[in-house]
Enquirer: 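So that we are looking at the same thing, I have put the structure below in structure tokens.
FYI, side chains are in, hydrogens and waters are out, and symmetry mates aren't considered; it's all heavy atoms of this structure.
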Amino acid sequence: MRPELDERDLRLLHGLQIAPRVPWAEAARILGTSAAGEAARWAGLRERGLAWITAHPGGSYRRVTLALVEVDCLPGARRAVVEAVCADPRAVTVEESTGGRDLLLTVITESLPALTTYVLDELETLPGVARQRTLVATAVHRHGSHWRLDALNPGEEAAFRAAAARGTTAATTTPPREAWPLIESLAVDGRGSAADLARATGRNPATVRRQLARLLGSDLLSFRCELAGELSSWTVSSTWTAHVEPADHRRTVRALATMPELRMCISTTGDSNLAMAFWTRSPHDMLRIERTLGEHLPWLRLRGSAINLRTPKRMGWLLDASGRATGRVVPPSALAAY
């Protein structure tokens, strides 16, 4: 049974998608409610596994290497492979897929050599893995933290964007070398305050406050408010690959960004030099998207599409069969450079 959410739930969630770390008092001012009420509303959604806020290495994605890895499993081995890759912090998202592959992994490592070690030396030798194919991201144009519910009016959206801007600084600092315990804690609770992080790491609150400020200004982390799939009517996730000529690349990305269904868009290596993820209301909408792409981007050459049947792990969080958070989190893999 799908959970019953009222308009106040959806408005709060939309606001947190824009400004995941907005203070409750500021959120309440924008929404015309009370800080205590919004904090309690969020606590209830989080406790039921319907929504959560996490942080992961990303930022502008210039400090890390991101790849999409297609995995084929030996007959009868898929479940064991899913459990193994879900336990690995480098495979931040794991999707069980159609389209001639068993699994689609989103992998984040500190460098291309680290990615090579993972996909060639470890993943390919994992019991039950038949083969893998890797698409390395050369640019990230859109990712999950850009996707939005449609619950706020334009003025409220602008107010949350302003609140998000006030909560960040220009990415001019390098993360402290002692940052990784803080990152692991933020992966579990992306709204964690300096006091929360101090308790979780056993560090001095004043020290953590300085380290947190430096970390948030480093462009190393991406924060996002994630939702269980059953929370919205956008319940079907699909991944597409395509080819565009270099001269058409920029206008293609700009056009794709106007589609509300677009969840992810990256440039990749290989003949299929563009990968996209869409969230739609039904499998039938895939035909509509294909028609839209054909009509408005006739130069785009689609190479393939596949529905993601189940997502046992999303950005480090382990999910149940309905897409709710289980409360178990595999923190990101430590980057040796930090």
Side-chain angles (χ1 to χ4, degrees), residues 1-55 143-167 186 188-193 196 222-238 259-264 277-285 308 310-312 314-329:
M1 179 181 297
R2 292 183 59 180
E4 291 296 327
L5 299 181
D6 61 29
E7 190 63 26
R8 292 171 297 178
D9 295 323
L10 296 174
R11 294 176 71 221
L12 173 62
L13 290 170
H14 188 170
L16 290 174
Q17 287 181 322
I18 300 169
R21 291 179 57 82
V22 64
W24 291 128
E26 181 74 357
R29 184 190 66 78
I30 298 170
L31 298 173
T33 56
S34 70
E38 296 304 337
R41 184 179 303 279
W42 171 251
L45 291 167
R46 192 174 189 272
E47 184 178 353
R48 289 186 287 162
L50 298 177
W52 59 96
I53 291 175
T54 187
H143 49 80
S145 61
H146 295 139
W147 186 82
R148 300 285 183 260
L149 291 167
D150 185 20
L152 297 175
N153 63 45
E156 292 165 338
E157 283 192 271
F160 273 108
R161 284 195 297 270
R166 285 193 296 272
L186 287 169
V188 176
D189 181 7
R191 287 187 58 84
S193 65
D196 297 328
S222 291
F223 288 84
R224 65 171 69 179
C225 177
E226 292 281 11
L227 312 178
E230 59 183 334
L231 266 187
S232 75
S233 58
W234 308 82
T235 56
V236 178
S237 168
S238 60
M259 300 179 68
E261 303 94 340
L262 185 69
R263 171 85 174 179
M264 177 270 292
F278 292 95
W279 278 13
T280 57
R281 291 184 170 87
S282 77
H284 303 292
D285 287 328
N308 303 315
R310 186 162 50 194
T311 304
R314 188 191 301 159
M315 300 314 295
W317 283 64
L318 301 182
L319 312 181
D320 65 16
S322 69
R324 294 195 187 201
T326 64
R328 293 182 292 151
V329 183

Enquirer: Is the shortest side-chain heavy-atom distance between W42 and L16 below 4.5 Å?
Expert: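 The answer is yes, as the side chains (C-beta and beyond) meet within the 4.5 Å cut-off.
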Enquirer: Check this for me: does any side-chain nitrogen of one of E38 and R8 sit under 4.0 Å from a carboxylate oxygen of the other?
Expert: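 Result for this pair is no, no salt bridge flagged.
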Enquirer: Can you find a heavy atom in the side chain of C225 that is under 4.5 Å from one in the side chain of I53?
Expert: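 Yes. Closest side-chain heavy atoms under 4.5 Å.
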Enquirer: Determine whether a donor-acceptor pair (N or O, by modelled atom type, separation under 3.5 Å) exists between the side chain of H14 and the backbone of L149.
Expert: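 Side chain of H14 to backbone of L149: a pair is present.
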Enquirer: Quick one: pull up CD1 in I30 and CD in E157 and give me the separation to the nearest 0.5 Å.
Expert: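 The distance works out to 11.0 Å.
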Enquirer: Are W147 and L227 side-chain neighbours, meaning at least one heavy-atom pair lies under 4.5 Å?
Expert: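 Yes. Closest side-chain heavy atoms under 4.5 Å.
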Enquirer: In terms of ring plane angle, is the pair W52 and W317 parallel, tilted or perpendicular, where the classes change at 30° and 60°?
Expert: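 Judged by the thresholds at 30° and 60°, the geometry between W52 and W317 is parallel.
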Enquirer: Do any N or O atoms from the side chain of E226 and from the backbone of R314 form a donor-acceptor pair under 3.5 angstrom?
Expert: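 Not a single qualifying donor-acceptor pair exists.
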Enquirer: Determine, for D320 against R328, whether the closest basic-nitrogen to carboxylate-oxygen distance falls under 4.0 angstrom.
Expert: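 The answer is no: the pair does not qualify as a salt bridge.
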Enquirer: Please examine the side chains of F278 and R263, heavy atoms only from C-beta on, and report whether any two atoms are closer than 4.5 Å.
Expert: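 SC-SC contact between R263 and F278 ruled out.
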Enquirer: If you round to the nearest 0.5 Å, how far is CD of E261 from OG1 of T280?
Expert: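 The CD atom of E261 is 7.5 Å from OG1 of T280, to the nearest 0.5 Å.
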Enquirer: Would you please test V329 and L318 for side chain to side chain contact (heavy atoms under 4.5 Å, CB included) and show each step?
Expert: CA-CA 6 Å; V329 183; L318 301 182; over 6 Å; no
Enquirer: Any chance you could measure M264, atom CE, to W279, atom CH2, to the nearest 0.5 Å?
Expert: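 Between M264 CE and W279 CH2, I get 12.0 Å after rounding to 0.5 Å.
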Enquirer: Taking the side chain as C-beta and beyond, is there a heavy-atom pair between L13 and L45 under 4.5 Å?
Expert: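 Yes. Closest side-chain heavy atoms under 4.5 Å.
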Enquirer: Walk me through it: do W24 and T33 pass the test side chain to side chain contact (heavy atoms under 4.5 Å, CB included)?
Expert: CA-CA 10 Å; W24 291 128; T33 56; over 6 Å; no
Enquirer: Assess whether atom CD of E47 is packed by more than 12 heavy atoms of other residues, nucleotides or ligands within 6.0 Å.
Expert: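 Result for CD/E47: open.
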Enquirer: Go through it in stages, so that I can follow the logic: the residues are D189 and R191, the test is salt bridge (Lys or Arg N to Asp or Glu O under 4.0 Å), and I'd like the CA-CA distance, side-chain angles, deciding distance and then a yes or no.
Expert: CA-CA 5 Å; D189 181 7; R191 287 187 58 84; over 6 Å; no
Enquirer: For V188 and R46, work out which heavy atoms get closest and say how close.
Expert: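 Looks like O-NH2, 2.7 Å.
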Enquirer: Mind listing the closest non-hydrogen atom pair of A28 and S34 along with its distance?
Expert: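 Shortest heavy-atom separation between A28 and S34 comes out as CB-C, 3.4 Å.
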Enquirer: For the OG atom of S237 and the CZ atom of R310, what is their distance to the nearest 0.5 Å?
Expert: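 Going from the OG atom of S237 to the CZ atom of R310 covers 14.0 Å.
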Enquirer: State, without any angle test, whether S145 and H143 hold a side-chain donor-acceptor pair at a distance under 3.5 Å.
Expert: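 On atom types as modelled, these side chains qualify, holding a pair under 3.5 Å.
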Enquirer: Between R166 and E26, is there a side-chain heavy-atom distance shorter than 4.5 Å?
Expert: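 E26 vs R166: side chains touch.
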Enquirer: Hey, could you give me the OG1/CG distance between T54 and L186, rounded to the nearest 0.5 Å?
Expert: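 The OG1 atom of T54 sits 8.5 Å away from the CG atom of L186.
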Enquirer: Report yes or no: does D285 contribute a side-chain atom to a donor-acceptor pair with the main-chain N or O of R281 at less than 3.5 Å?
Expert: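 The answer is yes, because a donor-acceptor pair under 3.5 Å joins these two groups.
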Enquirer: Would you give the length of the straight line joining atom CE of M315 to atom CZ of R224, rounded to the nearest 0.5 angstrom?
Expert: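 The CZ atom of R224 is 4.5 Å from CE of M315, to the nearest 0.5 Å.
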Enquirer: Judged by atom type as modelled, is there a donor-acceptor pair below 3.5 Å linking the side chain of R148 to the main-chain atoms of P260?
Expert: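 Not confirmed, R148 side chain does not pair with P260 backbone.
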Enquirer: For residues A164 and A19, report the shortest heavy-atom separation together with the two atoms involved.
Expert: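 For A164 and A19, the tightest heavy-atom pair comes out as CB-CB, 3.7 Å.
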Enquirer: Is there a donor-acceptor pair closer than 3.5 Å between any side-chain N or O of E156 and the backbone N or O of N153?
Expert: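 Yes: the side chain of E156 pairs with the backbone of N153.
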Enquirer: Is there a donor-acceptor pair under 3.5 Å between the side chain of R21 and the backbone N or O of G190?
Expert: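 Answer holds: yes.
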